[in-house]
Amino acid sequence: MSIPEKFLKPYDPKNAEGRIYKLWEESGFFSTDSHSHPNDLKLKAESFCILMPPANANGNLHAGHGLVMTVEDIITRYKRMRGFKTLWLPGLDHAGFETQVVYEKVLEKEGRSRFEIPRDQLYKEILDFTLKNSANIKSQVRKMGASCDWSREKFTLDPDIVKIVYQTFKKLWGDGLLYRGKRIISWCPKHQTSFADIEIKDEERIEPYYYIKYGPFTISTSRPETKFGDKYVVMHPDDKRYAEYKDGQKIPVEWINGEITATVVKDKAIDMEFGTGVMTITPWHDATDFEIAERHGLDREQIIDEQGKLLPIAGEFAGMHIKKARPLIVEKLKAKGLLVKVDENYKHIVHTCYKCGTTIEPQIQSQWFVKMKPLAAKALEKINAGEVVYIPEHYKKITVHWLENLIDWNISRQIVWGIPIPAKICDKCDTGFVDLENKITKCDKCGGAVRKDIDTFDTWFSSGQWPFATLGFPDGKDFKEFYPTDVLETAGDIFHWVARMIMLSLYVTGKLPFTTVYMHGVVLDAKGQKMSKSKGNVINPLDLTEKFGTDAFRMGMVVGNTPGTSLALSEDKIRAYKNFANKLWNIARFVLESTEGVRLDEKFEKYTEEDSALRKARHELLTDVTNDMDSYRFYLAAEKLYHYAWHEFADKIIEDSKKIFSEGDASKIASRKQFLLHTLNKILRALHPFAPFVTEEIWQLSGHKNLLMIEKWPIE
RNA sequence: GCGCGCUUAGCUCAGUUGGUUAGAGCGUCUCGCUUACACCGAGAAGGCCGGGAGUUCGAAUCUCUCAGCGCGCACCA
């Protein structure tokens, strides 16, 4: 066979990648269903399953996704070549709040607001918007070379997924692990929804801090606008300074809008060292205060409404937004002589909405909560027993720490975009009933009328059920075959998602959802800074693949990138691997040219002493690489193969070969030609998981009839 | 405050259980168009492995401590 003309020009990823991906996809081998592998690759009885973390259906592929696709595809291709019945299941997340925020921005541009649009219509609009955009990210995943089984693709809003999510909700209810309760939650006044802890960002702020006279006491606050209803004054029971005041004692106090009666409460939550050791409480708008009120059975009163405006209790300030009201209230306190002093440089942490930065306003609301303690306990038991291997290991500690400190999980969101909560609410007695069959018409507690709950689930409630939901729990064929899955690969900063999957999967299926957790780090810009739109340093992975080829991008993502460590993404690095792809190309060209007319002979035995030594070294290298692959040390495997191909095979062996060929010793030449052919063949196989396109392209041009993708890994 | 990381060549990072002169890529410098490849080749410079103490025959690697950076959790009104 003569050398294809293509080899005369440098490797051109643009020419190859689309065509090669199509070849793979149309072959059907991304799925293990209806095909048996040809060649020698016999499927092992063992299955191997990895689930793609569901990306935001509405989003674009970002650098982090680039890393996900690279690592997971390396794992998948490797396992496939090792003969496992391999499933990499792709999926998309409706990403509730995230997506709704994006759509709200679209609405804003059109001069509309979500609050003016009927719920059904809004849901439909966002659904259309999401589905329209989801084609985008799917084509981007393909560009990364992902060899996932598209025939099994899932979306968190698919009816079969929703059905399973509902079953779990019902099970939690039946087991007493779910309740609807009036509790303090974190509320974003702008987005008009409650949040879980992870959706809150802490921000350090310097704000004035006010010391205010409260009867015989001086209290302090950074938020005077919440203080209107404060009628309990709390101090530590052991505080000698206030020993004369007894628990339950009533004291008349001249307050913002006139005289009130304050009640003394003694509680150990008070820090005697802080401020004056006395505080008044606002249970409706502060988590600590809420707890104190719970403990002592105290009244709670709402001061601020859901829009951040003061309620009638604020008297003359009613209807005013808290931002505007604060200085005016301070003025009034001052005028009444109640303001003792102001500390202008008070540094404290303020909770803000992770999306819009609006200060979170705690509110007491009726929401759905999952009791996490029992779920966490089971997960901790398994994790501590080492039944889940964390790579790197320290994520285990982080996870354990998180699980040990879990509070009940607020799973209801007051947004339209999401899975509707299948429940009925009785507004009269504020009770909720889980009602999948839509049968409940009357409150069985008070007999009042019930209405449908209009809230939706926290998006993590559904994605937390991903492993068993996507595989078709409880009796789907895939569930039986692939559950528990093998490895869960994702970004370290969403370890809580992993923990949720462990908890919910254990709870629902009784088994761990996976045995290995592989966490990768954050992808940073070339300078090691976090990428952000506002900094303008966001790197689009697709620009890089466009410029240097997908293989180069993938190699750049994986070489030297240890799990869990952040990765500085620079063009220089990617460029280096573009050169490598071309190097491979030329290695292939040389080998094919110089062995024209010679066939690769599996049974060839007449190797020279020198070549035998080279074979041995090659075998050792491949053994080493295989060990690295099995231990998830892709960063080492890739580097070793790179080094071998370039600096060993190309720089030394090929260079020596030129000499051997020119010297004319027929047996030496025959030996070396076999060695070159075998080595090229093995290098292509071993590098295929890392650089699938260029290796497949060379494989195809070398006259192979089958796909490299389903060839065997180079050594057993 | 508690917890988790990180600190190795100019830059980005490897260094798997402690073991010979500490590695790679990029960058820099000097040569070289030797027909696989200039998206290349040959070669070179460059590191008391953050500071200090300890364990050991031996430490970048283990322990302690200090410093700097990053992240997470909890916070006090």
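Note that this is a predicted model, so its numbers are computed, not measured. Residue numbers begin at 1 in each chain, while the letters A, B, ... track the order of the sequences.
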Discussion item. Between the base of A42(B) and the side chain of Glu655(A), is one N or O donor paired with an acceptor at under 3.5 angstrom?
Written reply: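 Not at all, since no donor on one side and acceptor on the other fall under 3.5 Å apart.
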Within less than 4.0 Å of OP1 or OP2 of [N], is there a side-chain N or O belonging to [X]?
X: Thr562(A); N: A14(B); answer: yes
X: Lys530(A); N: C71(B); answer: no
X: Tyr635(A); N: U16(B); answer: no
X: His496(A); N: G72(B); answer: no

Look at the side chain of [X] and decide which nucleotide, out of [options], has an atom nearest to it.
X: His348(A); options: U16(B), A14(B), A77(B); value: A77(B)
X: Pro10(A); options: U16(B), C39(B), A77(B); value: C39(B)
X: His401(A); options: G3(B), C37(B), A14(B); value: G3(B)
X: Lys583(A); options: G72(B), A77(B), G41(B); value: G41(B)

Worksheet item: Between Asp572(A) and Arg575(A), does a salt bridge (Lys or Arg N to Asp or Glu O under 4.0 Å) hold up when you go through it step by step?
Response: CA-CA 5 Å; Asp572(A) 283 344; Arg575(A) 187 181 299 110; 2.8 Å; yes
In whole angstroms, how far is the [atom2] atom of [N] from the [atom1] atom of [X]?
X: Asp525(A); N: U12(B); atom1: CG; atom2: C1'; value: 12 Å
X: Ile660(A); N: A36(B); atom1: CD1; atom2: P; value: 15 Å
X: Lys578(A); N: C37(B); atom1: NZ; atom2: C1'; value: 12 Å

Between the protein and nucleotides 5-7 of chain B, list the N/O to N/O atom pairs that are separated by less than 3.5 angstrom.
{"from": "G5(B)", "atom 1": "OP1", "to": "Lys397(A)", "atom 2": "NZ", "distance (Å)": "3.1"}

All N/O donor-acceptor pairs, side-chain side in residues 490-499 of chain A, below 3.5 Å, sequence neighbours left out:
{"from": "Trp497(A)", "atom 1": "NE1", "to": "Ser463(A)", "atom 2": "O", "distance (Å)": "2.9"}

Item to complete: Examine Lys547(A) relative to Phe553(A) and say whether NZ or CZ is less than 6.0 Å from the centre of the six-membered ring and inside a 45° cone about the ring axis.
Response: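 Not satisfied by the 6.0 Å and 45° rule.
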Worksheet item: Honestly, is Lys201(A) close enough over Tyr354(A), meaning NZ or CZ under 6.0 Å from the six-membered ring centre and within 45° of the axis?
Response: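 Judged by the rule (NZ or CZ under 6.0 Å from the ring centre, within 45° of its axis), Lys201(A) is not positioned above Tyr354(A).
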Practice prompt. With sequence neighbours excluded, tell me which residues meet salt bridge (Lys or Arg N to Asp or Glu O under 4.0 Å) with Lys213(A).
Written response: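 Lys213(A) satisfies salt bridge (Lys or Arg N to Asp or Glu O under 4.0 Å) with no residue once adjacent residues are dropped.
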Please enumerate all protein N or O atoms sitting under 3.5 Å from an N or O of nucleotides 21-30 of chain B, with distances to 0.1 Å.
{"from": "G25(B)", "atom 1": "OP1", "to": "His647(A)", "atom 2": "NE2", "distance (Å)": "3.2"}
{"from": "C26(B)", "atom 1": "O2'", "to": "Asp572(A)", "atom 2": "OD2", "distance (Å)": "3.3"}

Fill in: side-chain hydrogen bond (donor to acceptor under 3.5 Å, both in side chains) assessment of Ser222(A) paired with Glu207(A)
CA-CA 7 Å; Ser222(A) 59; Glu207(A) 287 182 324; 4.8 Å; no
Would you tabulate the side-chain donor-acceptor contacts of residues 397-405 of chain A under 3.5 Å, counting partners in other chains and residues two or more places apart, or write 'none'?
{"from": "Thr399(A)", "atom 1": "OG1", "to": "Tyr395(A)", "atom 2": "O", "distance (Å)": "2.7"}
{"from": "Asn405(A)", "atom 1": "ND2", "to": "His401(A)", "atom 2": "O", "distance (Å)": "2.7"}

Worksheet item: Of Phe548(A), Tyr11(A), Tyr642(A), which is the lone residue that meets ring pair (Phe, Tyr, Trp, His ring centres under 6.0 Å) with Tyr577(A)?
Response: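 The passing option is Tyr642(A).
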Worksheet item: In which ranges does RNA chain B form stems of 3 or more consecutive Watson-Crick or G-U pairs, distances under 3.5 Å?
Response: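 Paired runs of 3+ in RNA chain B: B:1-7 with B:67-73, B:10-13 with B:23-26, B:28-32 with B:40-44, B:50-54 with B:62-66.
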Item to complete: For a side chain to side chain donor-acceptor pair (under 3.5 Å) with Trp284(A), tell me which candidate from Glu361(A), Gln363(A), Glu301(A) qualifies.
Response: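 Answer after filtering Glu361(A), Gln363(A), Glu301(A): Gln363(A).
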Item to complete: Could you label the plane-to-plane angle of the Tyr518(A) and Phe634(A) rings as parallel, tilted or perpendicular, counting under 30° as parallel and over 60° as perpendicular?
Response: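 Answer is tilted, since the angle falls between 30° and 60°.
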